[in-house]
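Notes follow the structure.
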Amino acid sequence: MPALEDADVERVRALIRSVPSGHVTTYGDVARAAGLGNARMVGWILRTDGADLPWHRVVRADGSLAPHLATEQALRLQAENVTVSGHRVLLRPLRHVFPA
DNA sequence: GAGCTGACACGGC
DNA sequence: CGCCGTGCCAGCT
């Protein structure tokens, strides 16, 4: 019965807000921590209700960024001292892990 | 009601 | 290593 509920959306928003400045997380991690089946849903939530969130701290599993956001996202990340090479971030040392 | 689209992940090449 | 194709779930036309 996995129809996206308001509670799920709020959970995702809270998780992203909990990511400290200078750190980044992945869509997959957020999805798993929020109890969502697919990481695509996280992207969908951010697209609809993520304007007021630090969405730039959320990247793909391999550290790459979505084409349309790549430019601005990279800019914002660099402003937080996050190393960005091209359209890709080094999440190895900066990856924020959510508590199980 | 059916089909296309998308702020993703993963396995191959 | 990086690019490409396939699978997933929900929403929109």
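Values below: all heavy atoms of this structure, side chains included; hydrogens, waters and symmetry mates excluded. The chains referred to below are lettered A, B, ... by the order of the sequence lines, with proteins before strands, and numbering in each begins at 1.
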**OP:** Give a yes or no on whether a donor-acceptor pair under 3.5 Å exists between the nucleobase atoms of C:dC9, that is its base, and the side chain of A:Asn38.
**Re:** no

Original post:
How far apart are the C-alpha atoms of A:Val24 and A:Val58, what are their side-chain angles, what is the distance that settles it, and do they pass the side-chain contact (heavy atoms from CB on, under 4.5 Å) test?
Top reply: CA-CA 6 Å; A:Val24 293; A:Val58 185; over 6 Å; no

Quickly work out the [X] [atom1] to [N] [atom2] distance and round it to whole Å.
{"X": "A:Leu4", "N": "B:dA7", "atom1": "CG", "atom2": "P", "result": "16 Å"}
{"X": "A:Leu75", "N": "B:dA7", "atom1": "CG", "atom2": "P", "result": "20 Å"}
{"X": "A:Asp62", "N": "B:dA7", "atom1": "CG", "atom2": "P", "result": "16 Å"}
{"X": "A:His87", "N": "C:dC3", "atom1": "NE2", "atom2": "C1'", "result": "16 Å"}
{"X": "A:Tyr27", "N": "C:dC8", "atom1": "OH", "atom2": "C1'", "result": "17 Å"}
{"X": "A:Arg60", "N": "B:dG6", "atom1": "CZ", "atom2": "P", "result": "12 Å"}
{"X": "A:Met41", "N": "C:dC8", "atom1": "CE", "atom2": "P", "result": "13 Å"}
{"X": "A:Leu65", "N": "B:dG6", "atom1": "CG", "atom2": "P", "result": "18 Å"}

**OP:** Measure the spacing between CZ of A:Arg13 and CD of A:Glu10 and express it to the nearest 0.5 Å.
**Re:** 5.0 Å

Original post:
At what distance, to the nearest 0.5 angstrom, does CG of A:Leu91 lie from NE2 of A:His23?
Top reply: 12.5 Å

**OP:** Mind listing the closest non-hydrogen atom pair of A:Val82 and A:Gly22 along with its distance?
**Re:** CG2-O, 3.7 Å

Subject >> Residue met sooner reading DNA chain C from 5', once A:Trp44 and A:Arg88 are mapped to nucleotides >> reply: A:Arg88

Original post:
OP1 or OP2 of B:dA9 sitting under 4.0 Å from any side-chain N/O of A:Arg32?
Top reply: no

**OP:** For A:Gly28, answer base if it contacts any base atom (sugar-phosphate contacts may also be present), sugar-phosphate if it contacts only those atoms, and nothing otherwise; contact means non-hydrogen atoms under 4.0 Å.
**Re:** sugar-phosphate

